[in-house]
Every structure is written in structure tokens, then in C-alpha cells.
Amino acid sequence: MDKIKKAEPIEATNFIEQEINKDILSGKISGGIQTRHPPEPSGYLHIGHVRNIVINYGTALKYGGVCNLRYDDTNPEKEKQEYVDALQEDVKWLGYKWGAIHYATEYFQQNYEIAVKLIKEGKAYVCDLSAEELSATRGTLTEPGKESPYRNRSVEENLDLFERMKNGEFEQGSRCLRAKIDMASPNMNMRDPVIYRIQYLDHQRIGRSWNIYPSYDFSHPLDDCLEGVTHSLCGPEFEDHRPLYNWVVENSGLKNHSRQIEYANLYIKGVILGKRFIKKLVEQGKVSGWDDPRLYTIIGLRRRGILPQSLIDFVYAAGISKSVSVIDPAMLDYFVRNTLNKVSRRVMAVLNPIKLVITNMPEGKQEEIELDDYPQNEESTKRKYYFGRNLYVEADDFMKEPVPKYHRLYPGNEVRLMGAYIVKCTGFDQDENGNVTSIYAEYDKDTKSGSGCTKKVKGTIHWINADRCKKVEARLFENLTLPKEEENELAGGKEQGSDGDVVINPNSLKVLGNAFVEDGVDFNFNDRYQFLRNGYFCLDKDTTADKMVFNRTVSLKDGFKMPQ
RNA sequence: UGGGGUGUCGCCAAGCGGUAAGGCAUUGGACUCUGACUCCAACAUCCGAGGGUUCGAAUCCUUCCACCCCAGCCA
């Protein structure tokens, strides 16, 4: 805004910054850098939009400039106040600050005046062709279009007709205002594009105050210039629109000229991002809502427990270019873990419990031990916990007959119970189906953690004291969709259409209702936890007074490959 | 088959005429009371293909190929 810093070239990290540097060096830009974040409030933002946000706010920030949030709300047919509100929350959560909030609808009067100016200069005309007729005369990719019979109306007639459009005298769709450019242009966008349409709709912000609405191609460049935007950064689909953008800017009579630069969208392999696809999943009840933790909407990622810094790091690491990028989800996981690793409190939780009885520990005896809250930090707070006779360990941490390189519990083997003692497995019980029902072990009193014990064992496992625990629900997630082959198999060999119907991965949500956590830990919504050896977790909003629900944000990287 | 854009390691991505950065993934190994983290090492004789210019090209020229976007009174 008024405190924009005069821009200096910076060390460019991508082609957009290179272009901006050139503009500064060539003197095209004399003041500060200004960008805009122009979402249409027609849906929830997803991880692909995070790139737009990072680029627009982040670039302005780097140059000491400003980025305004401008709602591109020129189509009331698709927009809702619900989305307007959600958008701001998402941007705030990501940690970016806008210079000001604007709405495209704020500029309607100015847009209108410029349209009138264009008419007076013979650069725009009212066309009476129907949408179908207009489409039929636009030509094709290989053939030029035909000029509209209304193309050469007099300025007076155009002015009168446009005024009457504005006054609501004509039926919706009966007339429109078109820019007079070139019906033979190889660029379809330049074939006398529609710049104003009649629309009688209740707009979420301005109600029924306007009967005519400018199209994106007309309002966007104008609003950029009006607002003082220097660089209008947008998606690749607008590349073809750039000549039109420039045409509007040059003919607007506005002094500030904004420059449009396009960059590629961000996709993640196997992740559903299309607005209509997500919407369909929500409507069909295949997910619990726009904030289902399996969705890559910003609210979904947030609910899942991902921290904004991870998203920002991820976007920068992925880079910004003009080529289509489909990123490996493992890369996102890496940055999610990387952020979480630094801030998460370590606690023990057993997700798939199996009983472990320490036979040489007397019934009823509870021995105090000490656990680090943040062992990854130099300084860590500690908490008390108790070792006893009746414990739970992870079912995965026991095998009747070990596979090679298996370092956990099996008859005869010793492992360390984290923070407590080394125990030796002495036996197990199983039911008639061979399912293990309990494990037996003896602990070695000379091996208490922190006692200076020098004995080493290959495996250390986490555990929960059955007399000192809380039962909770843990929700584990996998990708919503499966790789194509598996998906087709699930669909009975039928190829899935692209109509938005997807086969959901049956394992995309696993609810473990019999999980246990330490009873001495006060869990809260703002903190992040690493359930040791199980992954990063956070409290879900479904938590109630008597049941805590945890989402696994992401698992830990698992270096052990179980041989088959 | 018109126009616009893109093609560099499995996935991203630097490189802008001087002889292939980096990240993720992967693979070894060290460390480890998380098989995590961290650390160290390996990982494109080659830049979509062919031809040309040059002492020298991923970078320049040329031909070809592949993929993406555009025919809303959507954005």
C-alpha cells in the first residue's frame, strides 16, 4: 500500500523473479512490486492453490512489495459467501498477510466507464447474436470466424443499447458487449471477445445492483491496473489470453500498466484436485466433507495435522516453472515430517495392542520411570510414567517365528521397552486359530533406562501400561484413490470414466478403536505428537469429552522391509 | 493439420555458448533406548530425436516427434 518499498532486483530463484528483475533493471518498474491473489469464491482452496498463494504473496514479500487479496467475484452463478469467508481463513492459516482486500465488483463502475470509452472510440459494440449464433460464427481452430452483422453499428446506437443493457431493459442472453478486435485472429480469444453480459442474479456481495457483468478478460486487467498491480501472476490456461489482457490494458486509458506472467499448475501424483471431482466426493458422501483429512483441500490438510510451513517448504522445493509438474507424494510427506519432527512431543501409544505380561514383575507393583517429551531437542522436559506387570505392545512387534533381521519380540529374544527395561520373551499364548493372545517376558532389573546400563539390544519397542492408559481412537489414512490398475480391478475390470466417479481405496480410512495412549499426558488441539515408531498424530475435531480421536498426519519413514 | 506452451536422472528442477547445481525417491554404510532423525557415500559421458553452425552446444540454427492449453455471454 503506501509503505511499498521501491523495488530492487533480488537474487532470482525462478523465472518469474528473473522477469521482475528485468522489469526493474529496464526501468519499466519504478516503484514497488505489487501482485494480487485473485481467487474466485466458488469453492474451497486446495494444495494446488497453495502454489498460487505462495507465489503471489511470497514474491511481493521478497521485493518488499505488497499483495492484495482480490476476490474475482464476477460470476454470481458459481459463487457463495461461504467460500468468501473460508478463503481468508486459509490464507491466514498459511501465514500470509494481504495488503488490502478488494472485490472485482468494487470496480464495476470504473469497468463500465472504460467500456463506454471503448464504445466511443469504436473499439466495442453491442452484439445481438444469441450465444448459439455467436458460437457458430466464431470459426474453428483452423478457420477464421465471421464478423457479426452488428459489428458496425454507430457509436450512438451502441451507447444507447449498452445503456439500456445496464438499465435492465433486455432479456438475459439477448445481447452482449464485444470488443472489436479481429475475427480472423488465429488466437480464438481475439475474435471479438464478449466483455459484458447481461446477468440478473443476486450477487452475494452487491445483490441486484448491476444488470451487466464484465467478463474476466475485461475486468481482470482493468482491476489490476486500477489497483496498481505491477505483475499479474496466473495459471498457464491464461497464456492465450495475454494478448487480450494487453489489448485491454493498452486501450483502457489507465496510466498503470500491469504485466501478466503465467506459470504451471502443481499436481500431485494420484491426488484428486479438480473442484468438481472433490465436490462430487463430498456430495456422494464418499468423504466426510470438504475438510475430510484424506482430501488435499487446505482445510483437509489442516485437519489432518499438516503444518503450514510444510506446505510452503514443499512449494518452494518443488519449484516454479512453466512445464506441467506432477509431483511425487513422497516429497510432500518429506516436508510434512520435516516440520513435525522439530515440534512434536514424543509419546507412546499402542495402536494394535497385544498383551505382554512381565512375569517377574509382581502384580500391582508400579515402578516409576521418566520419559523425554522432546528427545530430539537439546533441552527437553520430562514426564513420569510407570512400568508394571501388565503391558500392551504393538501386535507387529511380536512374531512366533521371526523373519530374518527381525529385532523385536519373539521367543528367546531380548528387546528394550523404551524408557524402561530390557525384557526377554519367554513364551506366548494362542487361540485355536493360532492367533497370539498374550506374550510373556521377564525383565532384567539391571537394565533400567537412565541407570547407566551398558547392555545393548538390537530392538527397542514402545509399550503402554495396561493399568495406566487411556483408550482412544486412531484414524490412519491412505490415498483416496488407488493406482489405475488396482482401481480397475476393484471396479470389476471396468475402466473408470472421467465423469468424476472414482473408486475409493477401501483402506483410505482405517479406524483403530482400540488404541491406547499414556494416561499422564494432557493432549490438546494445538500440539502435534509423535506416537513413537507410529507416526505423527494430532487430535481430530471429532474428539469428545469421553473419547479422544487422533488423526495420523503421516507415518514415520520405515526403513525395515518385512521379507515375505 | 490454426495459435499458444512445454520437453534436462524414477519425480520435481537449475542451467541462458565453455564442457550437467540442488531437492525428493532409491541404494550402500555410520550413529541410534524411535529399524525415525542426523551423518557420510553412490546415483544423467548425457540434456525428446535427427541434421547443421562453432575450437567448443543442453544452451544458437534447422527439420521432426511427444505432451498440455484454446472454439463459455466461466474464471
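For the numbers below, each heavy atom of this structure counts, side chains included, while hydrogens, waters and symmetry mates do not.
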Look only at the side chain of A:T481 and the backbone of A:G270, and say whether a donor-acceptor pair between them is shorter than 3.5 Å. yes

Over 60° means perpendicular and under 30° means parallel, so tell me whether A:Y421 and A:Y443 are parallel, tilted or perpendicular. perpendicular

Residue pairs meeting salt bridge (charged side-chain N to carboxylate O under 4.0 Å, His left out), one or both in residues 319-329 of chain A, sequence neighbours left out, come to A:E239-A:K322, A:E262-A:K322

A:R346 near the nucleic acid: base, sugar-phosphate alone, or nothing, with a heavy-atom cut-off under 4.0 Å? base

Using the ring of each side chain (for Trp, its six-membered ring), is A:F516 parallel, tilted or perpendicular to A:Y392, with breaks at 30° and 60°? parallel

Scan A:K342 against the nucleic acid and name what it touches under 4.0 Å (heavy atoms): base, sugar-phosphate only, or nothing. nothing

Cationic N near anionic O, under 4.0 Å, A:R533 to A:E394: no

Rounded to the nearest 0.5 Å, the CZ atom of A:F560 sits from the CG atom of A:D396 at a distance of 10.0 Å

P gap between B:A75 and B:C39, integer Å: 49 Å

Flag, side chain of A:R36 to backbone of A:Y71, donor-acceptor distance under 3.5 Å: no

Nucleotide B:U34, atom P - distance to CD of A:E394 in whole Å: 17 Å

Whole Å only: how far is the CZ atom of A:F335 from the C1' atom of B:G22? 11 Å

Nearest-Å distance, CZ (A:F15) to P (B:G5)? 12 Å

Can we say A:D446 and A:K455 salt-bridge, meaning some charged N sits less than 4.0 Å from an Asp/Glu carboxylate O? no

Does A:R408 make a side-chain donor-acceptor contact with the base of B:G35, cut-off 3.5 Å? yes

Distance-only polar pair, side chains of A:N413 and A:Y406, donor-acceptor under 3.5 Å: no

When you measure from the side chain of A:S232 to the backbone N and O of A:Q260, does any donor-acceptor pair fall under 3.5 Å? no

Syn or anti for B:G72? Use the chi torsion, O4'-C1'-N9-C4 for purines and O4'-C1'-N1-C2 for pyrimidines, with syn inside 90° of 0. syn

Is there a Watson-Crick or G-U wobble partner for B:C16 with both distances under 3.5 Å, and which nucleotide is it? none

Rounded distance (Å) that lies between atom C1' of B:U34 and atom CG of A:L417: 14 Å

Quick check: does any side chain N or O of A:E79 sit under 3.5 Å from a backbone N or O of A:N75, one acting as donor and the other as acceptor? yes

Indicate the ring-plane relationship of A:H241 and A:F238, choosing parallel, tilted or perpendicular according to the 30° and 60° boundaries. perpendicular

Integer-rounded Å distance: B:C12 C1' and A:Y263 OH: 17 Å

Who does B:U38 pair with, Watson-Crick or G-U, both distances under 3.5 Å? B:A30

Taking the same atom, C1', in B:G15 and in B:A57, what whole-Å distance lies between them? 13 Å

With a 4.0 Å cut-off on heavy atoms, is A:E143 in touch with a base, just the backbone sugar-phosphate, or nothing at all? nothing

Classify A:Y406 by what it touches in the nucleic acid, base, sugar-phosphate, or nothing, heavy-atom distance under 4.0 Å. base

Determine the interatomic distance between P on B:C68 and the same-named atom on B:U1; round to the nearest Å. 12 Å

Gap between atoms CG and C1', on A:D313 and B:C12 respectively (whole Å): 15 Å

C1' atom, B:C47 versus B:C9: distance in rounded Å? 10 Å

B:C47 pairs with, by Watson-Crick or G-U criteria that keep both distances under 3.5 Å: none

Checking base pairs now: Watson-Crick or wobble, both atom distances under 3.5 Å. What partners B:G2? B:C70

Taking the P atom in each of B:A13 and B:G72, what is the distance between them to the nearest angstrom? 31 Å

N/O to N/O distances under 3.5 Å, protein versus nucleotides 6-11 of chain B:
{"from": "B:C11", "atom 1": "O3'", "to": "A:V326", "atom 2": "O", "distance (Å)": "3.1"}
{"from": "B:C11", "atom 1": "O2'", "to": "A:V326", "atom 2": "O", "distance (Å)": "2.8"}
{"from": "B:C11", "atom 1": "O2'", "to": "A:D328", "atom 2": "N", "distance (Å)": "3.2"}

Between B:C43 and B:C24 - C1' atom distance, rounded Å: 13 Å

Rounding to a whole Å, what distance do you find between A:I320:CD1 and B:G15:P? 13 Å

How close or far is atom P of B:C68 from atom CG of A:L266, stated in whole angstroms? 18 Å

One should read off an interatomic distance between A:C453 SG and A:I422 CD1, to the nearest 0.5 angstrom, of 4.5 Å

With nearest nucleotide decided by heavy atoms, which residue, A:K561 or A:R51, maps closer to the 5′ end of RNA chain B? A:R51

Each nucleotide N or O in nucleotides 37-42 of chain B that has a protein N or O under 3.5 Å away: list the pair and distance.
{"from": "B:C37", "atom 1": "O2'", "to": "A:N341", "atom 2": "ND2", "distance (Å)": "3.0"}

Please list residues of residues 451-464 of chain A whose heavy atoms come under 4.0 Å from any atom in RNA chain B, ordered by number; otherwise none. A:K456, A:T460

Protein-proximity profile, nucleotides 69-75 of chain B, B/S/- by nucleotide at the 4.0 Å heavy-atom cutoff, equals BBBSBBB

Phosphate oxygens OP1/OP2 of B:G4: is one of them under 4.0 Å from a side-chain N or O of A:Q260? no

Residues which pass ring-ring contact (aromatic ring centres under 6.0 Å, His included) with A:Y196, listed by chain and number, not counting sequence neighbours: A:F162, A:F218

Between A:F398 and A:Y410, ring centroids under 6.0 Å: no

Rounded to whole angstrom, note down the C1' distance from B:A21 over to B:G5. 26 Å

Expressed as a whole number of Å, how far does the P atom of B:G29 sit from that of B:C65? 49 Å

Between A:D373 and the options A:R345, A:K384, A:K382, A:R346, the salt bridge (charged side-chain N to carboxylate O under 4.0 Å, His left out) test singles out A:R345

